There are 2 protein chains.
Amino acid sequence: MATIADVAKYTGLSSATVSRVINNYPHVSEDKRKLVHDAMKELGYFPNTSARNLRNRKTNLVAVLIPRLTNPFFTLILDGIERVAEANGFQLIICQTKSSKKKEIDFLNLLQTKQVDGVIFTSIENEWELIQPYTAYGPIILCNEYHHDATVPMVRLDQVQGSYLGTRHLIEKGHTKIAYCMGSTSGLSIDRRRGFFKAIEEAGIEMKSEWIFRDTYTMEDGKRVFQQILQLSDRPTAIFTGGDEVASVMVKEAGRRGLHVPGDIAILGFDDQPIASLIEPELTTIYQPGDEIGARAMTVFIECLNGIRERMSQSVIELPLSLVIRDST
Amino acid sequence: MATIADVAKYTGLSSATVSRVINNYPHVSEDKRKLVHDAMKELGYFPNTSARNLRNRKTNLVAVLIPRLTNPFFTLILDGIERVAEANGFQLIICQTKSSKKKEIDFLNLLQTKQVDGVIFTSIENEWELIQPYTAYGPIILCNEYHHDATVPMVRLDQVQGSYLGTRHLIEKGHTKIAYCMGSTSGLSIDRRRGFFKAIEEAGIEMKSEWIFRDTYTMEDGKRVFQQILQLSDRPTAIFTGGDEVASVMVKEAGRRGLHVPGDIAILGFDDQPIASLIEPELTTIYQPGDEIGARAMTVFIECLNGIRERMSQSVIELPLSLVIRDST
DNA sequence: CCCCTCTTTGTAATCGATTTCATGAAATCG
DNA sequence: CGATTTCATGAAATCGATTACAAAGAGGGG
């Protein structure tokens, strides 16, 4: 492969001048500029990115942490991130954590070794105190999931409001026994729970601890939890799920058992994924603009890189959620 | 940030010895080894990846071209690629082409500038003659979509067999008027069409050109094409779709219009995505092991890098497809 | 004790760009 | 017309690692 030195030799110029042409600097005469361009074409020259990265101390690479590539809500976020990244000349490295604390931390090594200019988290497995030390190495942005004590910019959705809206909707439909599928210890999960209980308490409804279910993320989880719910002696008449996939599986399972949705049991989704309006009955759900927060997060990231935004102190961009009423409630 | 020179100075050793310790080379005494490790920890040293990449002429980065991140079948492939990549110390750069010929070619620049060690295509927009010149710059692997004249390794699924199985199934169900949703000019689309017509011709069925529809990829496309089908005077009684999303939308649309599936119109999917078994009626479809071909493609890629496999001549790994019979046919 | 091999370490070149500084030529100004 | 900018270009340092080669010291055999 041809190097800049080859181009310099071929044109009889110095590598400095060739570099100036490549980077479109001023103070290069038109004839030399053309000479260099012709030589680059003639020799099949392409600047070596590793060399540039080393010298420029910048890689134009961003690591995006995502729990699972096969989760449509997270790929929607990724899509939003990608849109802004590509418009600004950044490439994305995908880091699938599979919800592993260890992997999450391991990926931060990319930042320490300067392989990426920064990191965007779309989910968080570890406590903030374990992640915080890494903020010294470059911008870290939280997108979607968050910790209340995080000392970095976060782009998030108003989970309290979202789950409050959904729960109130269920209550208005007459439900007083509502099962709740809980997430992790992240700020997102805490807030979602907060909104749920806010609506419950406002309505003066009593909540049983056996109606609360942990770790309900995947379709398998949904199936399992739904079975558990059916076996309860004092059975809930509505279910607040953590996501549309779980909700879809529950609707499916209900149908398989001859239970009518929402007549026998109402099911509320979360996300408003495409699947929500494809299944029968269509899912009532909370619309989460995943692509929007992804795009915002990438924008915030660029602001941090350019020093326009403080990268090591907390700042919050919060977007509202909205209830989409369909036929499952 | 500390550099290798800092560690050398701190320990009183040369950077060569430090480098040997970092890379676990033999012929370094145990005490120096420990000395260096302690110093690295003390100084908070991490090797700079750009510098290593430059020197080693290797980035451990692979570009993966994918039409849309929000398409579950492609993220399934990505998941398979990621599994093998991560097990072998490679990172993935996602390149969303959005089915644009120009973007596809633009991403190959990553290969020319040596930002990545190679490229895996999961879809192909351009003709092979336009891509071929780039094979000079590094391994290019085709995964899923392919061109028959490609001069690189390909990992693919037996599309002829898959569409043949599906079409024969429709014919066995008594259908003689079958609409066909066509793809592009890639080898995959050609073969899928080949399998379809093989079954049609074997059965001695007459095919009308107005039953053939182009560019049916997205849910919007599905809706549009379904409407067109309903308006035909000589209406097909079955539809061969290009994917489960399109099929799902069609099932939905049929329901909305009071048409019974499969009674009034049978609908055959492709891929066997999760959605296939969530909608009502469940989709009969062709199971495509996306993660499997992804994993194989990444394995093949590594073989090419290691010189175990010829990277600039055609080789084919083909996996079989299978029919999953459910309730939409 | 001498010669040879093996281990351990260092010096300096190298990977391929960018950029500072220096220099001479050309343009501008009063 | 002389002084001062501005323009165009090159030499060489630099980014931060890896590695070929050299050299010194340790150990072994005869």
Side-chain angles (χ1 to χ4, degrees), chain A residues 1-37 39-40 43-61 89 109-117 137-138, chain B residues 1-37 39-40 43-61 89 109-117 137-138:
Chain A
M1 297 293 102
T3 71
I4 198 172
D6 296 328
V7 178
K9 195 179 296 173
Y10 189 87
T11 55
L13 297 166
S14 71
S15 64
T17 302
V18 176
S19 175
R20 290 191 188 101
V21 172
I22 293 170
N23 295 288
N24 248 308
Y25 283 176
H27 305 316
V28 177
S29 64
E30 261 327 303
D31 51 337
K32 313 269 170 181
R33 199 178 286 275
K34 178 165 184 332
L35 193 65
V36 169
H37 275 129
M40 293 199 303
L43 297 173
Y45 168 78
F46 294 94
N48 181 299
T49 304
S50 297
R52 298 183 110 170
N53 289 350
L54 172 58
R55 179 63 221 221
N56 294 335
R57 301 153 159 283
K58 184 145 189 291
T59 63
N60 290 307
L61 244 35
N109 188 246
L110 295 174
L111 199 52
Q112 296 178 313
T113 60
K114 297 259 169 284
Q115 179 157 21
V116 298
D117 291 339
Y137 301 99
Chain B
M1 298 292 98
T3 69
I4 197 171
D6 297 327
V7 178
K9 194 180 296 173
Y10 189 87
T11 55
L13 296 167
S14 71
S15 64
T17 302
V18 176
S19 176
R20 292 191 186 100
V21 172
I22 294 171
N23 295 288
N24 249 307
Y25 282 177
H27 305 315
V28 177
S29 64
E30 262 326 303
D31 51 338
K32 312 270 169 184
R33 199 179 286 274
K34 180 169 183 328
L35 193 64
V36 169
H37 275 129
M40 293 199 302
L43 297 174
Y45 167 78
F46 295 94
N48 181 298
T49 303
S50 296
R52 296 183 113 170
N53 289 350
L54 172 59
R55 181 62 222 218
N56 295 334
R57 302 153 158 283
K58 185 146 187 295
T59 62
N60 290 308
L61 243 36
N109 188 246
L110 295 173
L111 198 53
Q112 296 178 313
T113 60
K114 297 259 168 285
Q115 178 157 21
V116 297
D117 291 339
Y137 301 99

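Below, chain A is the first sequence line, B the second, and so on; all start at residue 1. None of the values given here were measured: they were computed from a predicted structure. FYI, side chains are in, hydrogens and waters are out, and symmetry mates aren't considered; it's all heavy atoms of this structure.
Protein atom NZ of B:Lys58 is 13 Å distant from nucleotide atom P of D:dT19, rounded to whole Å. Rounded to a whole Å, the CG atom of B:Leu54 is 14 Å from the P atom of D:dC15. With rounding to whole Å, B:Leu35 atom CG is found 10 Å from C:dG10 atom P.
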Please assess A:Val36 against A:Arg20 for the test side-chain contact (heavy atoms from CB on, under 4.5 Å), listing each intermediate value before the final yes or no.
CA-CA 10 Å; A:Val36 169; A:Arg20 290 191 188 101; over 6 Å; no
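For B:Ser15 against B:Ala8, the heavy-atom pair with the smallest separation is N-CB, 3.6 Å. Nearest heavy-atom pair, A:Gln112 versus A:Tyr137, reported as atom, atom and distance to 0.1 Å: NE2-CE1, 3.6 Å. Among all heavy-atom pairs drawn from B:Leu61 and A:Leu61, the shortest one is CD2-CD2, 3.9 Å.
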The dot-bracket string of DNA chain C, counting Watson-Crick and G-U wobble pairs with both distances under 3.5 Å, using [ ] for crossing pairs and | for pairs to another strand, is ||||||||||||||||||||||||||||||
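A close approach under 4.0 Å does occur between a side-chain nitrogen or oxygen of B:Asn23 and OP1 or OP2 of D:dT18. Contact check, A:Ser15 against C:dT18: no side-chain N or O comes under 4.0 Å of OP1 or OP2. Residue B:Lys32 places at least one side-chain N or O closer than 4.0 Å to OP1 or OP2 of C:dT9. Put simply, A:Asn56 has no side-chain N or O that comes within less than 4.0 Å of OP1 or OP2 on D:dC15. For C:dT7, neither phosphate oxygen OP1 nor OP2 lies less than 4.0 angstrom from any side-chain nitrogen or oxygen of B:Tyr25. For the pair B:Arg57 and C:dT14, the criterion of a side-chain N or O lying under 4.0 Å from OP1 or OP2 is not met.
B:Thr17 comes within 4.0 angstrom of the backbone, heavy atoms only, and of no base. Heavy atoms of B:Arg20 sit under 4.0 angstrom from at least one base atom.
Residue whose closest nucleotide on DNA chain C sits further toward the 5' end, between B:Asp31 and B:Arg55: B:Asp31. Where A:Ile22 and B:Ala16 meet DNA chain C, the nucleotide closest to each residue was compared, and B:Ala16 sits on the side nearer the 5' end.
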Enumerate donor-acceptor pairs with a distance under 3.5 Å from any side-chain N or O in residues 25-33 of chain A to protein atoms, sequence neighbours excluded.
from, atom 1, to, atom 2, distance (Å)
A:Ser29, OG, A:Asp31, OD1, 2.6
A:Arg33, NH2, A:Tyr25, O, 2.8

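Scanning residues 1-14 of chain B for heavy-atom distances under 4.0 Å to DNA chain C yields B:Gly12, B:Leu13, B:Ser14.
Once rounded to the nearest 0.5 Å, the distance linking CG of A:Asn56 with CG of A:Asn23 reads 7.5 Å.
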